[in-house]
Amino acid sequence: MWCSSFENSFLWIAGTRPSSTIQLVYTLCGSELEAHLSDFLQGVRKGNLGELSARQLNWVNDLHCKIVREEDKISRRLENLQEEVGEEPLELEQIGESNGHVYQGLNEYMLALASIMEDADELRLKSLKELMSILSPLQGVNFMVASKKLYLSMHEWGKY
């Protein structure tokens, strides 16, 4: 109910795609650097995401690659599950008549889907924790604020 169709179009297995958090870091890094370039060139440091070190950028890149591989595995599991359900014949003798075989199949599907959703949530959490361990505390706060602003903005944009 909370999410608009616009917001739902950005969802991946009932939440945000973990790799999109890395994309946000890259975007913020570039925009912060551009916005404060003159300060940066004068040696003024504010601890924002535009000041990621080369080491931090390498770690973020490594994390990004790892996340994309994990997302692909989970996406393939969901794809296979969807294909399996599409291949199962629904044997209802009459409309509205219950069929134990169908309900058993649906229950198995729902359990498999719940497992995939748990793995996606676990990847989201693991990715965020690893990202926060790469960023300095101030960079982490800046990232979380920007992330929340983006989320709320997308919600507002979806109302129109």
Side-chain angles (χ1 to χ4, degrees), residues 1-32 49-50 52 55-137 139-160:
M1 297 290 263
W2 165 262
C3 292
S4 65
S5 298
F6 176 75
E7 291 170 279
N8 285 333
S9 70
F10 289 94
L11 294 180
W12 174 79
I13 310 179
T16 59
R17 184 175 284 276
S19 60
S20 66
T21 60
I22 302 298
Q23 292 295 334
L24 180 58
V25 168
Y26 291 143
T27 301
L28 291 170
C29 182
S31 66
E32 295 265 340
L49 288 164
L52 286 177
R55 177 179 272 176
Q56 284 177 302
L57 283 172
N58 281 332
W59 288 337
V60 169
N61 185 56
D62 292 345
L63 177 60
H64 188 206
C65 293
K66 187 169 90 173
I67 290 170
V68 168
R69 284 191 301 274
E70 292 299 316
E71 284 176 349
D72 288 347
K73 286 179 189 175
I74 294 171
S75 292
R76 280 193 300 278
R77 285 179 51 210
L78 180 59
E79 181 182 327
N80 290 338
L81 181 63
Q82 290 169 334
E83 288 175 0
E84 287 174 20
V85 168
E87 293 170 358
E88 288 292 318
L90 295 178
E91 300 169 4
L92 293 178
E93 294 173 13
Q94 290 184 3
I95 303 274
E97 193 173 303
S98 65
N99 183 321
H101 175 71
V102 171
Y103 288 124
Q104 179 183 354
L106 287 175
N107 190 44
E108 290 171 9
Y109 173 78
M110 289 171 50
L111 289 173
L113 184 58
S115 172
I116 291 170
M117 289 175 68
E118 286 174 5
D119 290 346
D121 284 341
E122 185 178 309
L123 180 60
R124 279 186 274 274
L125 182 59
K126 185 174 115 180
S127 300
L128 186 59
K129 283 181 177 181
E130 287 186 42
L131 179 60
M132 290 296 117
S133 72
I134 293 170
L135 302 176
S136 72
Q139 290 168 336
V141 168
N142 287 335
F143 169 77
M144 294 302 288
V145 167
S147 179
K148 185 53 75 176
K149 283 182 180 178
L150 176 61
Y151 177 77
L152 293 173
S153 294
M154 288 180 69
H155 182 68
E156 286 301 311
W157 298 331
K159 290 180 179 179
Y160 303 106

Heavy-atom closest contact (A120 atom, I13 atom, distance): CB-CG2, 3.8 Å

If only side-chain N and O atoms count, and only distance matters, is there a donor-acceptor pair under 3.5 Å linking S133 with W59? no

Y151 vs T16, test: side-chain contact (heavy atoms from CB on, under 4.5 Å). Steps then yes/no. CA-CA 10 Å; Y151 177 77; T16 59; 5.5 Å; no

How many angstroms lie between CG in L131 and CG in L135, if you round to the nearest 0.5 Å? 4.5 Å

Solution key, residues 64-71 side-chain donor-acceptor pairs under 3.5 Å, sequence neighbours excluded:
from	atom 1	to	atom 2	distance (Å)
K66	NZ	E130	OE1	2.9
K66	NZ	E130	OE2	3.1
E70	OE2	K73	NZ	3.4
E71	OE1	R17	NH1	3.3
E71	OE1	S19	OG	2.9
E71	OE2	S19	N	2.6
E71	OE2	S19	OG	3.0

Polar side-chain atom of S153 near backbone of K149 as donor-acceptor pair, under 3.5 Å: yes

Can you check side chain to side chain donor-acceptor pair (under 3.5 Å) on T21 and R124, steps first, answer last? CA-CA 9 Å; T21 60; R124 279 186 274 274; over 6 Å; no

Would S75 and W12 count as a side chain to side chain donor-acceptor pair (under 3.5 Å) if you check the C-alpha gap in whole Å, the side-chain angles of each, and the deciding distance to 0.1 Å? CA-CA 9 Å; S75 292; W12 174 79; 3.0 Å; yes

When rounded to the nearest 0.5 angstrom, what is the spacing between CG in L24 and CE in M144? 10.5 Å

For Q56 against S136, the heavy-atom pair lying closest together: NE2-N, 3.8 Å

If you count every heavy atom of other residues, nucleotides or ligands that lies below 6.0 Å from Q23 atom CD, does the total exceed 12? yes

Distance from I116 atom CD1 to E79 atom CD, nearest 0.5 Å? 11.0 Å

If only atom types and distance count, is the side chain of N80 paired as donor or acceptor with the main-chain N or O of R76 below 3.5 Å? yes

Rounded to the nearest 0.5 Å, how far apart are CG of N107 and CG of L111? 4.5 Å

Has the side chain of Q139 got a donor or acceptor atom that lies under 3.5 Å from a matching backbone atom of L49? no

Separation between NZ (K148) and CG (L150), nearest 0.5 Å, reads 10.5 Å

Step-by-step side-chain contact (heavy atoms from CB on, under 4.5 Å) determination, Y26 to L52: CA-CA 10 Å; Y26 291 143; L52 286 177; over 6 Å; no

Sequence-distant partners of T27, side chain to side chain contact (heavy atoms under 4.5 Å, CB included), two or more places apart: none

Gap separating the CD1 atom of I74 from the CG atom of D121, nearest 0.5 angstrom: 9.5 Å

For G140 and M132, the nearest pair of non-hydrogen atoms, with its separation, is CA-SD, 3.8 Å

Closest approach of L113 and L81, non-hydrogen atoms and distance? N-CD2, 3.7 Å

